[in-house]
2 protein chains.
Amino acid sequence: MNPLSTAPDAGRQRPRVLVRGTGLLGASIGIRLSADGHAVQLSDPSGTAESIARDIGAGQIREAGDPDPEIVVVAAPPEVTAAEAADALVEFPESVVLDVASVKAEVLRQLRELALSPGHDLSPADLTRYVGTHPMAGREQSGPVAARGELFTSMPWVITPAHDPATGEQIPSPSAVAWAEEIARRCGATVHYMDPQEHDASVALISHLPQIAASLIASRLQDAPTSALALAGNGLRDVTRIAASDPNLWVQILAANAAPVVEILHGLRDDVVRLIRTLEDPRAPGRQADIAQLISEGNSGRARVPGKHGAPPQSFARLIVIVDDRPGQIAAVLNDVAKVGVNVEDMRMDHSAGHQVGMVELSVLPGRCEELAEALTELGWKVVQS
Amino acid sequence: MNPLSTAPDAGRQRPRVLVRGTGLLGASIGIRLSADGHAVQLSDPSGTAESIARDIGAGQIREAGDPDPEIVVVAAPPEVTAAEAADALVEFPESVVLDVASVKAEVLRQLRELALSPGHDLSPADLTRYVGTHPMAGREQSGPVAARGELFTSMPWVITPAHDPATGEQIPSPSAVAWAEEIARRCGATVHYMDPQEHDASVALISHLPQIAASLIASRLQDAPTSALALAGNGLRDVTRIAASDPNLWVQILAANAAPVVEILHGLRDDVVRLIRTLEDPRAPGRQADIAQLISEGNSGRARVPGKHGAPPQSFARLIVIVDDRPGQIAAVLNDVAKVGVNVEDMRMDHSAGHQVGMVELSVLPGRCEELAEALTELGWKVVQS
């Protein structure tokens, strides 16, 4: 089967997939596609990573003499992605090759450079078989041990077909793009299309900037007194959660997307400098309005962040149920919620040091909130509506 | 009863409490203390706020001729807290007066100024009846409508007795401090002691800095394309959650704690400037090590943030259960967890736009994780260990 001449919806055998790079993303894709009936081949420069990936059900290690894959998924670290994709395009001249690196313009730039370089076997025509993609799923852990087939479930997966800068025409063939989309869908993801620059600017803002902010704030906690940290609440916990991310991965991501990130950081630096000036004499005329404006603008920006299923965060009503901190209490609450027939859209637990009482915050559709609060109160729960 | 000559543990009638200022904190304290058997009097410059507080069970509106309160809780906005506390100390010459403002040194400075000012009836001796406190509980909503008696449950409540700068002796009487502690405990909070400066430096770092970071990041989303926001994940959601906070309150907090905040912001600005320089030429020698160091330092700082019950965040093992997004599914999972007899220490839901499948991440003691994963799998759940 030649995937380039075959539409993904033609009802026939699942194409053979080679996953090059069996870290968190590669192994997770392998697990999911194997479960979906694809024959998945695995390769990784690390024999250990290859073996772990095989052992957890991501596929079989590719051996010399194995049939060529019809689709190659390059899931290598960002800095070697272009070289790996180029090798795959040359080695498998009929295969669709897609990559899953978190930056897209730089990978494409390197691939074009290789295609135009007399020293490399890659030709510009090969790029009709290459599709850049980015599954927006990650974890604080890395490596195949952290892999799971559900990593991409309900997560965005961006497909970024390149366009010829001169003619504006799409470079990858429509069937190559269709196969990339099919792989994303089979992994359970939600597909988005963007051009590579638009993608990079978007992730600089919604992924790289939050990572930098979390790391900068968390790094200031290194030498904080323990007595101060004991006062930490959910605010600090939420702001710093992603600061636990992998330094090696983020070096590559930030280095490869440096230009859009720097542009945003200039704005952030200006805002910090302005705030310092404001707070150096907070009683001077106009200064308090400046502070209020910063917080208000934060309100507006926050209101634009989509919640579950793309819903704006304010669209759910919240209520709090007080529970003892022992096995079964949360289940008992949610049981009773289910009896009332109300769907829980989101759920948080409130914590603090030294206590054995918990609060469970339930987000539900606003129209159901009052009814639920009444029913739970009647069933003996301590309920507070937000 | 004179609270100054009575220890809180003497088994007798609950003292009368006046709550001055019936916003979120004041009304919540009123609800909790009323439920605990205290006679609670309410007063607020806003008749509406007073009435709402009364209607939700925070106490009775104080009338002319009512007996003097034995304890006064000043729960006014930070900028008027000192004036309100001074008035209460003068009006009720035998009462213990405590405040709950989120900044402590500035309130104390203003109170001392009033006590030394010939134009005010407050005398330095009155300050033996004043205790500064700060319940570390807040919400994105404000006002008495948002109040709830459980607001302080398991939350830190810092008590900051002032000391004479010359002699080093504690200014408030031991029984006044004991009553402040008792009020905090009756509200369900965990008591911490700090001096006012130490408190302000601590909250600048663990509360005010995260608020500023969240607002700065969220404010950059105001003009972001909708297509970019559609890619938002839990990282962005977590980092920006507290950006939904009240601008009026935060103007007062940041203005009153400007000096410690500015000091931290200088460090933040330097870090941002350094990162910009690094990313302007990320391939130059040493630059990638700089980026790695930032993320690593974030790792270290994050590892110091306490989790539930003061446990470090790494001390729980996590597993993920895949559920359909319909009523009763989460309850059914937690039911089965309860059957196995394992306590859920924390819980998160993973969301994204456009899908009807959810992932519930359960944090449990590491020793119980494998057992739980096996048991849930046997019961038919799709389980992935982190």
Side-chain angles (χ1 to χ4, degrees), chain A residues 148 154-156 190 202 206 210 213 215-219 221-222 228 231-232 235-236 238-244 247 250-251 254-255 258 262 265 269 271-272 276 279 282 288 291-292 295-298 300-302 304-305 308 310 327-328 330-331 334-335 338 343 351-355 384, chain B residues 148 154-156 190 202 206 210 213 215-219 221-222 228 231-232 235-236 238-244 247 250-251 254-255 258 262 265 269 271-272 276 279 282 288 291-292 295-298 300-302 304 308 310 322 327-328 330-331 334-335 338 343 351-355 384:
Chain A
R148 48 190 173 92
S154 296
M155 296 296 173
T190 308
S202 298
I206 63 114
S215 294
L216 287 171
I217 302 306
S219 70
L221 304 176
Q222 284 183 105
L231 305 182
L236 183 68
D238 283 353
V239 168
T240 59
R241 186 180 59 83
I242 54 174
W250 277 97
V251 168
L254 294 177
V262 163
L265 288 180
R269 179 204 53 202
D271 286 351
V272 173
I276 288 173
L279 290 177
Q288 307 212 12
I291 308 175
I295 309 286
S296 295
E297 289 180 0
S300 311
R302 167 62 189 177
R304 298 194 65 210
V305 179
K308 192 186 183 193
I330 306 166
L334 291 169
N335 256 338
N343 196 18
H351 330 133
S352 179
H355 264 264
V384 193
Chain B
R148 48 191 174 92
S154 296
M155 295 296 172
T190 308
S202 298
I206 63 114
S215 294
L216 287 171
I217 302 306
S219 70
L221 304 176
Q222 285 184 103
L231 306 182
L236 183 68
D238 284 352
V239 168
T240 58
R241 186 180 60 82
I242 55 174
W250 277 95
V251 168
L254 294 176
V262 163
L265 289 180
R269 179 203 53 201
D271 286 353
V272 172
I276 289 173
L279 290 178
Q288 308 213 11
I291 307 175
I295 309 286
S296 296
E297 289 180 359
S300 312
R302 168 63 189 176
R304 298 194 64 211
K308 194 185 180 193
I322 312 299
I330 307 167
L334 290 169
N335 257 339
N343 196 19
H351 330 132
S352 179
H355 264 264
V384 193

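Quick caveat, the model's predicted, so the values are computed rather than measured. Every chain is numbered from 1 and lettered A, B, ... according to where its sequence line falls, protein lines coming before strand lines.
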Exercise for review: Look up atom CG in L221(B) and atom CZ in R304(A), then write down how far apart they are to the nearest 0.5 Å.
Suggested key: 8.0 Å
Study note, to complete from the structure: When rounded to the nearest 0.5 Å, the distance separating CD1 of I242(A) from CD1 of I295(B) is 9.0 Å
**Study point:** Straight-line distance of S202(A) OG to L231(B) CG, nearest 0.5 Å
**Key:** 6.0 Å
Exercise for review: Flag the one option from G235(B), A338(B), A213(B), S219(B) with the top tally of heavy-atom pairs under 4.5 Å to chain A.
Suggested key: S219(B)
Exercise for review: Kindly give the heavy-atom pair with the smallest separation between A255(B) and P282(A), and that separation in Å.
Suggested key: O-CG, 3.6 Å
Check your understanding: How many angstroms lie between OG in S215(B) and CD1 in I291(A), if you round to the nearest 0.5 Å?
Key -> 11.5 Å
Exercise for review: Would you please name every residue forming a side chain to side chain contact (heavy atoms under 4.5 Å, CB included) with N335(A), sequence neighbours left out?
Suggested key: A331(B), N335(B)
Check your understanding: Who among V272(A), L279(A), I217(A) has the most heavy-atom pairs with chain B under 4.5 Å?
Key -> L279(A)
**Study point:** Non-neighbouring partners of A218(B) that pass side chain to side chain contact (heavy atoms under 4.5 Å, CB included), sequence neighbours left out
**Key:** R302(A), T240(B), A243(B)
Review point. CG/D271(A) to CG/L265(B) distance, rounded to the nearest 0.5 angstrom?
Key: 11.5 Å
Point to revise | Shortest non-hydrogen contact between G301(A) and Q222(B), atoms and distance | key: N-CG, 3.8 Å
